Every structure is written in C-alpha cells, then in structure tokens.
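From a predicted model like this one, the values you see are computed outputs, not experimental measurements. In what follows, chains are A, B, ... by sequence order, proteins preceding strands, each numbered from 1.
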Amino acid sequence: MLFEVSGLSKRFGRVAALADVSFQVRAGEVLGLIGPNGAGKSTLFECLAGVLPSDSGSVRAGGEAVSASERRALLFYVPDGIAPWPRQPVRWALDFTIGFLGGQGALRQELVERLDLGPLLNQAIGTLSKGQRKRVLLAIGLLTRQPALLIDEPLEGLDLRQARDVAATLRAHAARGRTLFLSIHQISDAARFCDRFVLLNSGRVRGEGTVAELAALAAAHHAAAPSGDLEEVFLALT
Amino acid sequence: MPSPSRLWGSASKRLPGGRIGFPTGGSTFLWLLNKEVRELITSRAWWVLLVAMGPLVGVSFLSAMRTYAEVSGLNGTSAGVGEALSPLIGVWAPTFSAAELAAVFLLPFVAIRVVAGDRQSGALKLEMQQGMPPFARMAAKAMVLMAGWLVAMLPPLSAVPLWKSYGGAVYPPELITLTAGHLLNGGLTIALAAAMAAITEHPSTAAILTLSMTVGTWILDFFGAIEGGWWERAAGYTPAAMVAEFQHGLVRLDTVLIAAALIGTGLALAAVWMGLGMAVSRRVYRSAVIGLIAAGAILASMHVQASWDTSEARGNSFPEADERALAKIRGPLQIEAHLAPEDPRRLELEHRALSKLRRAMPDVQVRYFSGTSIGLFEQTRAGYGEIWYELGGRKTMSRATTAEGVLEAIYSLAGVAPPPETDDDVFRGHPLAVPATGAGALFYGFWPGLFLAGAVLIRRRFR
C-alpha cells in the first residue's frame, strides 16, 4: 500500500462535499475514482494534494501520518480545465516543470513524442484547443517525480485516437512502477484501463475494489446481483 | 511495513527534524523569477503603462520647462529668485509627478495581473505543489514588479541628460531622493494591489478595492486638513504626503520605515491569502497577527525623528548658523498655536517654520488649538492667532508665522543672540532660460515608439 486515506471530510457551507471518505491506494496500481458530476472527485483530489484545506481526516503512508505539506513528496495532482501560464509556449512549460517542479528531464523527449506535442512546442498554452491543453497537462504531470500521480479527467477533451494513445502512455508509465489515481466520469473509459476503483457519490465512498469485488459488494446490498459490467455495478451501488 | 522514504524513492528526502519534503534549491527560485519575468513582459497592462509614461512625462516636463524658463527671464520676463529656480522644485518634482499618476492609475493593474493571473489560469494549483513557501513566491513577484516599475521610470530619468544638455544644473542627492521616493511609492502600490489581488477572488474586484484604498488616502488627506490632530498626523503618512516630502528633497526615516512596514504588510497578507491550502479561518488569524505586528511597527516608527535634507536649496532646513544656535538651546520647547487647521497662517507656520524646527530641535512639542476647522469665524475670539512659546518655565507670545518670526521668538525666550545674517547660506538658484528642444521628440516619439516596438516583438515571440 502506498498510502491510506481515512475519514476525509470537506464542507462548503452547508453542503458536505466529502463525508468521511476512506480508501487505500496501492503502490504501482492504476486506481480509478469514478462518480457522477458533483460527486466530489475534484474536491477529493484537491484536498489530498493540499491545494484545498480539508475539514478533517488523515493520510497515512508506511504507518505514519503524512501532513498536507509532506504530501507534496508523495503525490502530484493535475487539475482538469486549467490553462496554466497561458502566454507561455509549451516548450517553456515543460522546461519549467523540470526546473521548478523537479520533473524528470530524461522523460521529456519521450513524452513529447508519445503525446504528440512536437508541433505544439512553440505555441502559447492559451491558444491551444481543449484536447491539446489536456495533453500538455498530462505531460506536466507525467514529468513529475512523485510516486503517485493524481489526474482529474485525463481523457476529457480528447478524441478517440488521442484517448487511446493517452491511455497507452498512462499504462506504460504505470508499468514503470508509478501509481496513477485517475478521476474519470466516463465509466466505460475507466473500466478499460484501471486496476481498481473507488466509487464516490454525494461525497461518500460507495465501494472500493476491482470490478469483481465491487460486483460482490453490490450483490450483498441488492437481491438481484448485477452483472460484471462496471456500469451496472456503479448504478447498483450509487 | 516499509518506511515512507523508501516507498517514495528519490522524490523525497528527510529534512532536519524528521520532516519530509520535496527537494528545493536556489535554482527553483531562479525558475520562479524566470516565470514571473515572462509573465510581466507578456502582460498587456505593463506595456500600456510603459507606452503611457513617455507622453505623461513629456507633458509635465515641457510644461515645467516653459514655466522655469519664464521665471528665469525667457522672452523678457523678469528673472525670479531662490527656490523658484531650484531644478528640484521647478523641473524634477513636476516631471516625476507623471510617475505618481502612473502609480495610482496604471501600476495597480500590472500588479493585479501578475498576482491574480496564477489563480485565474490555474497555474497556482500546480506551482503550490512545489512546496516553496508562499512568502518566497510573493517575494519573487514583488522583485519582478519592482524591476518593471524601474523600467517605467526610464522616461522621467531620461529627462536628466536632456536637461544637462541644455546646460541645466543637476544636484544628484536631491534627484536620487526623488527617484527613491517614487520607487517607494511604487512599492506601496504593488503591495496594496498584491494584497487585494490575493484576498479577492476576481481581478476586477481587486482593482476596485485598490483604487478605493487610494481614494481613501485622499479622503484621509482631506480630513487631516480639516480636522487636524491625529487625522493630520495619519495624513502625513499617505503615499501622496510621502511623495511630497521626497519631492522637496526631504528624507524622513519615520516615513521610510512606515512605508517599508506597509509594503511588508501588504506582501505578507498577499502571501497568506495565496496559500489556498490553508483554511480561511487560519488565514484570517494570520492576517490579524500581521496587522498587529504592522500596527506596532508603524507606531514605533512614528517616534523616529531622524531626517535628512538632500535638497540643494536646503528648503527643509533653517540656515546652518541658525541650526547651530538652536542646537545649543536645552530643554523641551513647547509651542501652542491657536490656529485652525485650514487657516493659511497655520500652513505657513507648519511648512515654513515648525517642520524645519522639528529637524533642528528634536525636543519640540507643538500643539494646535482651535474651535473650528477654517478659523474664519474665530478671528474675533480673544487669543486666536496667538502662538505661545514656553522654554524652561519662561513664556512668550508671538503672532508671526514666518521662519524668521518663529526664530526670533525662540532666541528671545532662550536668551540667545541670533546669529549674524550672511549671504553665504542663501540659495541663488540655477536660472535657465532655454526652450525644451528635442523633448517632444523624446517623450512623444522615442519612448512610446520604443515600448510599442518592444510590445510587438514580445507578442510575436510569444505567439
């Protein structure tokens, strides 16, 4: 196990965005965080990364509590829908990730090729399309060194071919031992390349495990057991 | 179970005290500076500021040159004397006033763009995961913004060689003081705008609040002029009042310290509110602590009395012979002036005599008494207009508000013979009756053209 989240809660006024969220993240796995819009997926990632304060809860690694500031060495979070440094070219953003965020320079060229960023290197980030921007953000995240990488909606804005290429890139990255924790609202996408899942709905964890484990959990809750399809399991548990 | 450091591999290291942190170093700060410089030079607001500076300075410089030449006898006018022919008062103060205008109306937008841009674009969420303290991140922004403000000061500074080419006299200490005053004023604007940009969610809200604060200091000036007392004291530390002192070549340590404290406070507040990962209640608590420390520093600074008159005309000082004579007078000198805040005689007494007296005699206590703010309807009241001096148990009264009248009253009270008058101390001025040839081309052509070309090239480079 890489780290464990226990009792994480976050309120926005009267709305409980996260309520007593607990789950485990295993080293080297591709963990999918799935849930409908508004389930609290982005809030959970932001609280874990320390860019949003949580009201309560803890993260433990190796039996030790890890404070929000210490988590920076454990995980890196790539938010969805941002356009960082919009006037700067992609080339500079990658260099900045290596220089400032401590990214791995050795991976730069490989990621440029895998994510097809070559033609975009001299283009300002603010002028990129949604899909192009997403690929740049993925490159930024994949360049970083932290053992766990949290990516909010990694396939959002990508066409079919790009989504397939990105999925392959993420898989290759995970094969090197890095843990990926991906927030995906398209359950069919998540089912394709995640090892395990955390199901989140209305700020609560509804289940955690492989598709088979989740199907068993759903069967325990319902008289009619859902099939082994993740979508069916998700609907049964949420 | 394996330890976290082993699990996290090369990405982590244990810092002294067992704390686990991400590797940092001096090069990361250089990367941050690199980023802030790039953000500044791609900021449209900064280029607008630069392009506007040339014409703003041009209008001020040409107008000042015309007046100065006329006072110096151009076109058959009679030559003026003394302070009117001081380049500091006649040329540099009005020329650099363009920087004051830019600091109020243009610089805040540059600072807000640089500070709020990260949050707007989402870059802040990535950068803050590096772990660099928010104070360091804000320091990088402040350094780059100050450098940007220094570039904006190039047009007014270019007036100096132009003035010298006309045969004008330059006294470096007073010019350095004036430039330093405008840099400090720029620092205050940057700190205020940074704090507002960090505290508010949206840049437009930050801009409104920053301008409101500036208007607030003008209201404070107005209140100070009407109400006197603490209002007047506080109004003495507004950016406008601070710049006015530097424009006269006066460097007061209390003013500099208070400005530095305000700059530090603004940047510290900005750093606290840029820490998105901190609970709002904690940010409020830290802000309150910063506010208390700032209040303490400001109150302590108000008691500092050191000051320097860097003007060539010694416009903020009595003649040296009088200063030597005043330095020999012992004991606290108490002055009670029965003059209303808006009475012109009070203004003359304060600016021509008492401000100089405070510099020459640190142990002076001045109190003003009045029943109204303008004094117009108090004229008939017995005692109105009287200025009482008390030294060593002896008292004397005078109605004179000139420097000579005040000195005479003090000398008679102290039993000190006034020093003999000499012409050595009298500032004769530097008359210069020449037209401002080439200034129009420099300020309306060269500077805007250069900055426009720079803006176009940069935009092409970063397209």
Side-chain angles (χ1 to χ4, degrees), chain A residues 1-3 27 46-47 49-55 60-64 66-89 92-93 95-102 104 122-127 137 140-141 144-148 177-179, chain B residues 1-15 18-25 27-35 38-44 117-133 275-283 458-459 461-463:
Chain A
M1 185 181 66
L2 184 64
F3 65 90
E46 299 207 339
C47 288
V51 298
L52 190 68
S54 56
D55 298 333
R60 300 181 75 81
E64 293 177 25
V66 186
S67 70
S69 60
E70 289 171 342
R71 275 176 235 158
R72 287 173 190 138
L74 175 65
L75 54 89
F76 189 84
Y77 159 59
V78 180
D80 180 38
I82 63 168
W85 321 294
R87 291 180 190 274
Q88 308 305 331
W92 176 87
D95 291 340
F96 182 72
T97 303
I98 294 164
F100 182 71
L101 296 173
Q104 305 168 79
N122 292 321
Q123 222 171 309
I125 293 172
T127 64
L137 286 172
I140 288 170
T144 57
R145 291 174 188 271
Q146 284 86 337
R178 195 167 191 196
T179 305
Chain B
M1 187 172 280
S3 74
S5 53
R6 192 163 71 78
L7 274 170
W8 305 352
S10 61
S12 64
K13 66 173 183 181
R14 282 203 176 264
L15 300 177
R19 198 164 58 84
I20 302 160
F22 196 71
T24 57
S27 68
T28 52
F29 189 74
L30 291 180
W31 267 106
L32 195 61
L33 279 180
N34 170 290
K35 175 233 153 185
R38 293 176 75 102
E39 290 292 305
L40 179 73
I41 64 173
T42 52
S43 150
R44 205 170 292 155
D118 288 344
R119 185 149 69 181
Q120 292 294 108
S121 71
L124 182 61
K125 287 181 180 174
L126 295 177
E127 289 173 22
M128 63 187 291
Q129 294 182 65
Q130 198 276 346
M132 183 177 282
L276 301 182
M278 197 188 295
V280 172
S281 56
R282 210 163 150 208
R283 284 186 248 173
I458 291 289
R459 287 187 73 77
R461 170 92 172 70
F462 286 85
R463 188 176 292 167

Self-check item: Donor-acceptor under 3.5 Å (Gln129(B) side chain, Ala49(A) main chain)
Solution: no
Quiz item: Which region of Glu46(A), side chain (C-beta onward) or backbone (N, CA, C, O), has a non-hydrogen atom less than 4.5 Å from a non-hydrogen atom of chain B, or is it both or neither?
Solution: side chain
Practice problem: Measure across Gly275(B) and Arg283(B) and return the closest heavy-atom pair with its distance rounded to 0.1 Å. | Solution: O-NE, 3.5 Å
Quiz prompt | Contact origin within Met128(B) toward chain A - heavy atom pairs under 4.5 Å | solution = both
Self-check item: Region of Asp95(A) in contact with chain B, defined by heavy-atom distances below 4.5 Å
Solution: both
Self-check item: Mutual orientation of the aromatic rings belonging to Trp31(B) and Phe96(A) [parallel < 30°, tilted 30-60°, perpendicular > 60°]
Solution: perpendicular
Quiz item: Which bit of Gln120(B) comes within less than 4.5 Å of chain A, counting heavy atoms only: side chain, backbone, both or neither?
Solution: neither
Self-check item: Side-chain heavy atoms of Phe76(A) within contact of Arg145(A), under 4.5 Å
Solution: no
Quiz item: side chain to side chain donor-acceptor pair (under 3.5 Å) between Arg87(A) and Ser121(B): does it pass, once the steps are laid out?
Solution: CA-CA 10 Å; Arg87(A) 291 180 190 274; Ser121(B) 71; over 6 Å; no
Exercise. With a 4.5 angstrom heavy-atom cut-off, could you sort out which part of Phe3(A) is near chain B: side chain, backbone, both or neither?
Key: neither
